[in-house]
Protein chains: 2
Amino acid sequence: MAERGRPRAFDKDAALHKAMRVFWTSGYEGASVSELAQAMGINKPSLYAAFGCKEALFREAIELYEKEEGAPVGAALEAGRTARGAIETALRVNARCYTNPDNPRGCMVVVSALAGSPENNPVCSFLADSRRESEESFRRRVARGIAEGDVPESADAGRVAAFYATVMNGLSIQARDGATVDALERVVDSAMAAWDAIAR
Amino acid sequence: MAERGRPRAFDKDAALHKAMRVFWTSGYEGASVSELAQAMGINKPSLYAAFGCKEALFREAIELYEKEEGAPVGAALEAGRTARGAIETALRVNARCYTNPDNPRGCMVVVSALAGSPENNPVCSFLADSRRESEESFRRRVARGIAEGDVPESADAGRVAAFYATVMNGLSIQARDGATVDALERVVDSAMAAWDAIAR
DNA sequence: CCATTTATGTACCGATTGGTACGTAATTCC
DNA sequence: GGAATTACGTACCAATCGGTACATAAATGG
């Protein structure tokens, strides 16, 4: 079962973590392959052998991000006993992630490739897909709330989801602009204070 | 009063408009000087002679953006008879700008350099300053509303501003992700429905 | 021990990056 | 009609971009 050739001399997962942070900090285009390799502690040929190309490395980094930072949000969304509580927790988890002093600021899916040169368009739309999927998961949670009776039947799940997704995305910009956790928490307070006016 | 040497053969303002659109579409790093020059209909030496360097051109482009797309928002903010109405109009003007089919999507100040390579950090923080200034103008408008009596004295102007700035920034992401004008308008509806719960 | 397989570091690839040197064309001042 | 001044297009710069050829090292299978 053991691998055949010479064993890899670096920890691929650890290297991917390093790459994730570089992309998260500098963005897809702002992170050069040389810079990435250096941060990962390997040479470029090792990077290419292990990950294929810059874009593939980025996609793996985003997958890792979604597993480590996104999954807890998804879990909170499922675990919440009401749609309102679930979405509130999701926002608060994100607010803390976006301002965690151990992390680059903001959501990696938002900050790392909002715009880019035409040839990198696939990267931008890949991230856009991911963001739309987040909004869709909000919508599903609200719809479930309607089905379970904790959200009025008359509520428009798509509209509620679009509003909270907008706030969530906005939190990334605020975080990049230096907003503190407390400031983001207050924004979440405000957003949640609107619930009854929106989900009715 | 006439100029001394050979007259410039191109319309500097028209060229700047073209550059603005390229930066708005592709971002600061995603727009190459060659691409910019081509879109502007001039050669690179003319670009450098007229604008100095890439970063200076970008700053002029942002100034132009703020004059043409930002100023109407500022005007709406001043003109509104109440803080609530003023902020609502500001958001709606932005929602239309961000989804205008004649424009690239989203706010240029948000989308064109959220992250970037370390050496372009000045560009990112220049834009962050601009965004913070927008939030500050929201805050001043709410404070004026308190002074004029259309907002309760107990309201926290900074908190109200932070919330609506977050929504406004979030609108840019939604627009980039393909949201329609109507969708953004509904988000603004939701945000404004929260007013009484927030500014109290 | 030897063939096979995979990873490693060095040294390189063509293309593109932001930016310029330079000779020439077009204008104003005197 | 010069001299001075400014803009023009061509052709170029070093540096970096994403990516790779290649010789060598380290492992497994027989």
Side-chain angles (χ1 to χ4, degrees), chain A residues 1-16 18-19 22-23 25-61 112-113 115-124 126, chain B residues 1-16 18-19 22-23 25-61 112-113 115-124 126:
Chain A
M1 246 349 191
E3 327 287 333
R4 272 290 293 263
R6 175 176 175 170
R8 187 176 280 126
F10 64 94
D11 179 341
K12 186 174 171 180
D13 191 61
L16 184 56
K18 296 285 190 181
V22 174
F23 279 129
T25 301
S26 302
Y28 177 71
E29 285 178 339
S32 76
V33 175
S34 301
E35 186 191 355
L36 285 160
Q38 194 170 351
M40 297 162 84
I42 60 180
N43 293 103
K44 285 200 289 175
S46 296
L47 187 159
Y48 280 96
F51 298 99
C53 67
K54 188 188 183 186
E55 182 174 338
L57 172 61
F58 180 72
R59 287 176 187 258
E60 280 202 48
S112 59
S117 85
E119 80 225 35
N120 291 323
N121 204 41
V123 172
C124 295
F126 161 65
Chain B
M1 245 354 190
E3 326 287 334
R4 274 287 294 262
R6 174 175 175 172
R8 185 178 282 127
F10 64 95
D11 179 340
K12 185 174 172 180
D13 192 61
L16 184 56
K18 297 285 190 181
V22 174
F23 279 129
T25 300
S26 302
Y28 177 72
E29 286 178 337
S32 75
V33 175
S34 301
E35 186 192 356
L36 286 160
Q38 193 171 350
M40 295 160 86
I42 60 179
N43 294 103
K44 285 199 291 176
S46 297
L47 186 158
Y48 279 96
F51 299 98
C53 66
K54 188 187 183 186
E55 180 173 340
L57 172 61
F58 180 73
R59 287 175 187 259
E60 280 202 49
S112 60
S117 85
E119 79 225 36
N120 291 323
N121 204 41
V123 172
C124 295
F126 161 65

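Each chain gets a letter, A, B and so on, in the order its sequence line appears, and its residues count up from 1.
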Phosphate OP1/OP2 of [N]: any [X] side-chain N/O under 4.0 Å:
X	N	answer
B:S32	C:dT17	yes
B:S34	C:dG18	no
B:S46	D:dC8	yes

### Task
Look only at the side chain of A:N43 and the backbone of A:P45, and say whether a donor-acceptor pair between them is shorter than 3.5 Å.
no
Atom [atom1] of [X] and atom [atom2] of [N]: how far apart are they, to the nearest Å?
X	N	atom1	atom2	answer
B:N43	C:dG18	CG	P	16 Å
B:Y48	D:dC13	OH	P	17 Å
A:E29	D:dT16	CD	P	18 Å
B:F51	C:dG19	CZ	C1'	16 Å
A:F58	D:dG18	CZ	P	13 Å
B:M40	D:dC8	CE	P	11 Å
A:L57	D:dG19	CG	P	10 Å
B:F10	C:dA26	CZ	P	17 Å

### Message
To the closest 0.5 Å, what do you measure between NZ (B:K18) and CE (B:M40)?
### Response
11.0 Å
### Message
Once you apply a heavy-atom cut-off of 4.0 Å, does A:A31 come out as touching a base, just sugar-phosphate, or nothing?
### Response
sugar-phosphate
### Query
Mapping B:G52 and A:A49 to their closest nucleotides on DNA chain C, which lands nearer the 5' end?
A:A49
### Task
For residues B:R8 and B:A50, report the shortest heavy-atom separation together with the two atoms involved.
NH2-CB, 3.9 Å
### Task
Please tell me which of the listed nucleotides, C:dA26, C:dT8, C:dG18, lies nearest to the side chain of B:V33?
C:dG18
### Query
Between D:dA11, C:dT8, C:dG19, which nucleotide gets closest to the side-chain atoms of B:K54?
C:dG19
Side-chain donor/acceptor of [X] to base of [N], under 3.5 Å:
X	N	result
A:R4	D:dA27	no
B:K44	C:dG19	yes
B:R8	D:dA7	no

## Note on the structure
Whichever of B:P45 and A:P7 has the more 5' nearest nucleotide on DNA chain D, that residue is B:P45
### Query
On DNA chain D, nearest-nucleotide positions of B:I42 versus A:G5: which is more 5'?
B:I42
### Query
How would you list all residue pairs meeting salt bridge (charged side-chain N to carboxylate O under 4.0 Å, His left out) that involve residues 44-56 of chain A, not counting sequence neighbours?
A:E55-A:R59
### Message
Is the ring pair A:Y28/A:F23 parallel, tilted or perpendicular, if the boundaries are 30 and 60 degrees?
### Response
parallel
